[in-house]
Amino acid sequence: MPPEAERERTARCTCGQLSLTLAGPPDRVYACGCRECQRAPGSAFGWRARHGKSAVVRTTGEHRRFRRGSDAGRWVEQIFCPVCGTQLYMEAEVISDGLVVSAGCFEQADVGPPAALFNAGRRPDWLTLGEAIPLVE
C-alpha cells in the first residue's frame with residue numbers, strides 16, 4: 001500500500017455514475033449540525049472530509065450544482081448527481097482553495113472520526129458524540 005500522502009480515495013454517488021478521486025488524506029474531517037447540513041443528507045448532521053482542490057485527481061460523470069447561502073451570508077455550492085441526487089461534495093466561498101466531500105461517499109470508510117461537531121447547538125437533543133469529539137457552537 002502506498003504511503004498515506006500518495007494514497008488515492010474515491011468517493012461515489014449512490015448510483016455510481018458520479019465519482020471524485022482525491023490524492024492523500026483529508027486536511028480535516030468534521031461534522032456539522034447546522035440545519036442545512038442536516039437537510040442535505042436528511043440526517044442529524046453532515047460528516048465531511050475537507051481537501052485542497054489540488055488533491056483532485058479526477059472527476060467522472062455528470063453533475064449538477066445548487067448554490068445556497070450560509071448563516072454567515074456567504075455562498076455554498078452543493079455538487080450532486082442528477083440521476084440519484086447524492087450530494088458528493090461542496091465548494092464554499094469561505095474555502096476558495098478547497099472542497100468538502102461527503103465522507104460517507106468514500107469507497108474506503110477510513111477517513112476517520114470528526115475532529116469536532118460544528119453548530120453543536122443545533123443538533124438534535126438526542127445526539128451525543130462522546131467526550132472525544134469537541135462540540136463547537
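The figures that follow rest on heavy atoms only: side chains count, while hydrogens, waters and symmetry mates do not. Fair warning: this is a prediction, and the values are worked out from it, not measured in the lab.
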Q | Leu99 and Met90: CA distance, side-chain angles, deciding distance, side-chain contact (heavy atoms from CB on, under 4.5 Å) verdict | A | CA-CA 6 Å; Leu99 52 90; Met90 296 187 314; over 6 Å; no

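Residue His63 holds its NE2 atom at 11.0 Å from SG of Cys81, rounded to the nearest 0.5 Å. Between Leu18 atom CG and Thr59 atom OG1 the span is 7.5 Å, to the nearest 0.5 Å. To the nearest 0.5 Å, the span separating CZ on Phe118 from SG on Cys34 amounts to 11.5 Å. Separation of atoms OH (Tyr30) and SG (Cys37) is listed at 6.0 Å; rounding is to 0.5 Å. Note that CG of Leu22 is 10.0 Å distant from CZ of Arg58, once rounded to the nearest 0.5 Å. Glu93 CD to Ser70 OG: the interatomic distance, rounded to the nearest 0.5 Å, is 8.0 Å.
Using cut-offs of 30° and 60° on the angle between ring planes, the pair Phe106 and His51 is tilted.
Checking side-chain atoms of Asp27 against main-chain N and O of Gly52 turns up a donor-acceptor pair under 3.5 Å. In terms of modelled atom types and a separation under 3.5 Å, the side chain of Gln17 and the main chain of Glu62 share a donor-acceptor contact.
Between Arg64 and Pro82, the shortest heavy-atom distance links the atoms CG-CB, 3.7 Å. Between Pro25 and Arg9, the shortest heavy-atom distance links the atoms CA-NH1, 3.5 Å. Residues Leu88 and Cys13 share a closest heavy-atom pair of CD1-N, 3.9 Å.
Residues Arg12 and Glu107 are paired through a salt bridge, judged by an N-O separation under 4.0 Å between the basic side chain and the carboxylate.
Checking Thr10 against Thr21 by side-chain atom types alone, a donor-acceptor pair falls below 3.5 Å.
Within the structure, side chain to side chain donor-acceptor pair (under 3.5 Å) contacts touching residues 74-90 (residues at least two apart or in different chains) are Thr14-Thr86, Arg65-Glu77, Arg67-Glu77, Arg68-Gln78, Gln78-Gln87.
In terms of hydrophobic clustering, with Ile, Leu, Val, Met, Phe, Trp and Tyr side chains grouped at heavy-atom distances under 4.5 Å, Val29 and Leu20 are assigned to a common cluster.
Between Arg7 and Gln108 the shortest side-chain heavy-atom distance falls below 4.5 Å. Put simply, the side chain of Val111 reaches to within 4.5 Å of the side chain of Trp47, judged on heavy atoms.
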